[in-house]
Amino acid sequence: MDNFIPAKKSLGQNFLQDENILKKIADSINTLEDDLIIEIGPGKGALTKYLKDKNSYLLCYEIDTRMKDILNNYEDNKTSIIYKDFLKTNILEDIKDIPYNNIYIIANIPYYITTPIIKHVINLPNLKSMTLLVQKEVAKRFTAKPGTKDYNSLTIYLNYYFDIKYLFEVKNTCFRPIPKVDSATVNFTKKEKNFICKNPDLFFKIVEDAFKMKRKTLKNNLKSYNWNKITSILANHNLPDTVRAEQIPIELFIEIANNI
């Protein structure tokens, strides 16, 4: 039946076909029967069938109502499908009647909604981990280290909340239709101990401003802040005031924010 449902370009659909990869993605989360898995964009249920094997609670969000005839076959007393745009959902309202313990999120998502989806779930109580299948270049940004070209404000934002691990690459030939680029699977485990940050809003604003003009030095991007104080902090770490944002680790950005 699913052969009669072509991918919609407008939804960024590329259906993962490789059973070994699907199983590896499902195995990237270790859930118990009283945990909740949220699958974003199940499509034709290729990954859903492996997630059901875990016998955890399973809630799937699918925007494409053409998939109803396929996905409805997966519904039972522990599995529900919601047909709406995930970014417009009230997740806490949707899960309020599920007696879950921890939340695990799993998704194969188009790159252009990756960041909005992460921001939509990042503050969910009891969120344990996320496994996301994204474009390889996006995965490299998520896991980039200071001093590399992929390191940016999003890297720092995500590392504030999660321990991030690059799991494995997925060739473009594993999808139908075949996308132009390869993908990679990334796991985000919620940090058990958060950074000591006095004012997270100020911290995120400083990081955002620091990377605003990537070719400019930190001094040029943060000139509206107390630069004498920042210079003093940099000097304590043997860094010149000509340093650029991509050379600054998250702990140092937090130290700057805490002292301004």
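This chain uses plain numbering: 1 for the first residue, then up along the sequence.
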Heavy atoms only: give me the nearest Phe142-Ile164 pair and the separation to one decimal. O-CD1, 3.6 Å
Do the charged groups of Arg141 and Asp150 touch, with an N to O distance under 4.0 Å? no
Whether the side chain of Lys219 engages the backbone of Trp227 through a donor-acceptor N/O pair (distance < 3.5 Å, no angle test) should be reported. no
Go through it in stages, so that I can follow the logic: the residues are Thr131 and Asn187, the test is side chain to side chain donor-acceptor pair (under 3.5 Å), and I'd like the CA-CA distance, side-chain angles, deciding distance and then a yes or no. CA-CA 4 Å; Thr131 295; Asn187 179 259; 3.1 Å; yes
Smallest heavy-atom separation, Pro249 atom then Pro146 atom, equals CA-CG, 3.8 Å
Reported CE-to-SG distance for the pair Met67 and Cys60, which is rounded to 0.5 angstrom: 13.0 Å
Other members of the hydrophobic cluster containing Val170, with the 4.5 Å side-chain heavy-atom rule, please. Leu16, Ile21, Leu22, Ile25, Ile29, Ile37, Leu47, Tyr50, Leu51, Leu58, Tyr104, Ile106, Leu133, Leu167, Phe168, Phe175
List the atom pairs, with distances to 0.1 Å, where a side-chain N or O of residues 85-93 and a protein N or O form a donor-acceptor pair under 3.5 Å, not counting sequence neighbours.
from  : atom 1 : to     : atom 2 : distance (Å)
Asp85 : OD1    : Leu87  : N      : 3.0
Thr89 : OG1    : Phe86  : O      : 2.6
Thr89 : OG1    : His120 : NE2    : 3.4
Asn90 : OD1    : Leu92  : N      : 3.3
Asn90 : OD1    : Glu93  : N      : 3.1
Glu93 : OE2    : Lys96  : NZ     : 2.9

Any side-chain to backbone donor/acceptor pair from Asp241 onto Thr231? Under 3.5 Å, distance only. no
Side-chain heavy-atom pair Glu62, Ile82 within 4.5 angstrom cut-off: no
Separation between OG (Ser183) and NZ (Lys136), nearest 0.5 Å, reads 10.0 Å
Using modelled atom types only, decide if a donor and an acceptor are shared between the side chain of Asp35 and the backbone of Asn102 within a distance under 3.5 Å. yes
Determine whether Tyr161 and Phe188 satisfy the following criterion, ring-ring contact (aromatic ring centres under 6.0 Å, His included), listing intermediate values before the conclusion. CA-CA 9 Å; Tyr161 293 102; Phe188 302 75; over 10 Å; no
Residue pair Tyr151 / Ile156, side-chain heavy-atom distance below 4.5 Å: yes
Do Lys190 and Ser129 have side-chain N/O donor and acceptor atoms under 3.5 Å apart? no
Please indicate whether Lys140 has more than 12 foreign heavy atoms, meaning atoms of other residues, nucleotides or ligands, lying under 6.0 Å from its NZ. no
Heavy-atom side-chain contact between Leu218 and Leu234 under 4.5 Å: yes
If every non-hydrogen atom of Thr155 is compared with every non-hydrogen atom of Ala144, which pair is closest and at what distance? CG2-O, 3.5 Å
Whether the side chain of Lys216 engages the backbone of Phe211 through a donor-acceptor N/O pair (distance < 3.5 Å, no angle test) should be reported. no
d(Thr217 OG1, Lys223 NZ) to nearest 0.5 Å is 9.0 Å
So do Asn172 and Val181 actually touch side chain to side chain, heavy atoms under 4.5 Å? no
Connected via hydrophobic side-chain network under 4.5 Å: Ile98 and Met130: yes
Do Lys78 and Asp76 sit within salt-bridge range, that is, some charged N less than 4.0 Å from a carboxylate O? no
Hey, quick one: are Met213 and Ile248 part of the same hydrophobic cluster, counting side-chain heavy atoms closer than 4.5 Å, chains of contacts allowed? no
Verify, without hydrogens or angle tests, whether Asn72 (side chain) and Asp69 (backbone) share a donor-acceptor contact under 3.5 angstrom. no
With the side chain counted from C-beta on, respond yes when Pro42 and Leu71 share a heavy-atom pair under 4.5 Å apart, and no when they do not. yes
Look only at the side chain of Asp18 and the backbone of Cys174, and say whether a donor-acceptor pair between them is shorter than 3.5 Å. no
Is the count of non-hydrogen atoms from other residues, nucleotides or ligands lying under 6.0 Å from Lys171 atom NZ greater than 12? no
Between Glu246 and Thr148, is the side chain to side chain donor-acceptor pair (under 3.5 Å) condition met? List the steps. CA-CA 7 Å; Glu246 59 264 31; Thr148 63; over 6 Å; no
When you measure from the side chain of Tyr160 to the backbone of Pro200, do you find a donor-acceptor pair of N or O atoms at a distance under 3.5 Å? no
Heavy atoms of Ile254 and Ile196 approach each other most closely as CG2-O, 3.5 Å
Identify the two heavy atoms, one from Ala210 and one from Ala245, that lie closest to each other, and give their separation to 0.1 Å. O-CB, 3.3 Å
Contact between Leu59 and Ile95 at the side-chain level, heavy atoms closer than 4.5 Å - yes or no? yes
When rounded to the nearest 0.5 angstrom, what distance separates SG in Cys197 from CD in Glu251? 12.0 Å
Go through the steps for Lys84 and Ile63 under the test side chain to side chain contact (heavy atoms under 4.5 Å, CB included), then give the verdict. CA-CA 5 Å; Lys84 62 168 75 165; Ile63 196 172; over 6 Å; no
Shortest non-hydrogen contact between Ser80 and Glu75, atoms and distance: CA-OE2, 3.5 Å
Rounding to 0.5 Å, atoms OG1 (Thr31) and OH (Tyr100) come to a distance of 15.0 Å
Under the criterion side chain to side chain contact (heavy atoms under 4.5 Å, CB included), I'd like the reasoning laid out for Tyr225 against Ile256: C-alpha separation, chi angles, the key distance, then a yes or no. CA-CA 10 Å; Tyr225 295 88; Ile256 290 170; over 6 Å; no
How about Phe203 and Glu255: do any of their side-chain heavy atoms sit closer than 4.5 Å? no
Main chain of Ile103, side chain of Lys128: is a donor-acceptor contact present, judged purely on distance under 3.5 Å? no
Flag, side chain of Lys49 to backbone of Ala46, donor-acceptor distance under 3.5 Å: yes
Before you tell me yes or no, could you show the steps for Glu39 and Thr48 under side chain to side chain contact (heavy atoms under 4.5 Å, CB included), namely the whole-Å CA-CA distance, both residues' side-chain angles and the distance that decides it to 0.1 Å? CA-CA 8 Å; Glu39 184 186 7; Thr48 313; 2.7 Å; yes
In the single-linkage hydrophobic clustering (I, L, V, M, F, W, Y; side-chain heavy atoms under 4.5 Å), do Tyr166 and Val138 co-cluster? no
Row check, Tyr157 ring normal vs Lys119 NZ/CZ: under 6.0 Å, within 45°: yes
Verdict with reasoning, Tyr74 to Lys52, per side chain to side chain contact (heavy atoms under 4.5 Å, CB included): CA-CA 8 Å; Tyr74 291 104; Lys52 276 186 70 72; 3.5 Å; yes
Glu33 side chain to Ser56 main-chain N or O, any donor-acceptor pair under 3.5 Å? no
Could you tell me the separation between the CD1 atom of Ile38 and the CG atom of Leu124, rounded to the nearest 0.5 Å? 6.0 Å
Thr65: side-chain contact (heavy atoms from CB on, under 4.5 Å) partners, not counting sequence neighbours: Lys68, Tyr83
Can you tell if the side chain of Ile118 reaches within under 4.5 Å of the side chain of Leu154, non-hydrogen atoms only? no
Could you check whether Asp27 pairs with Lys23 (Lys NZ or Arg NE/NH1/NH2 to Asp/Glu carboxylate O, under 4.0 Å)? yes
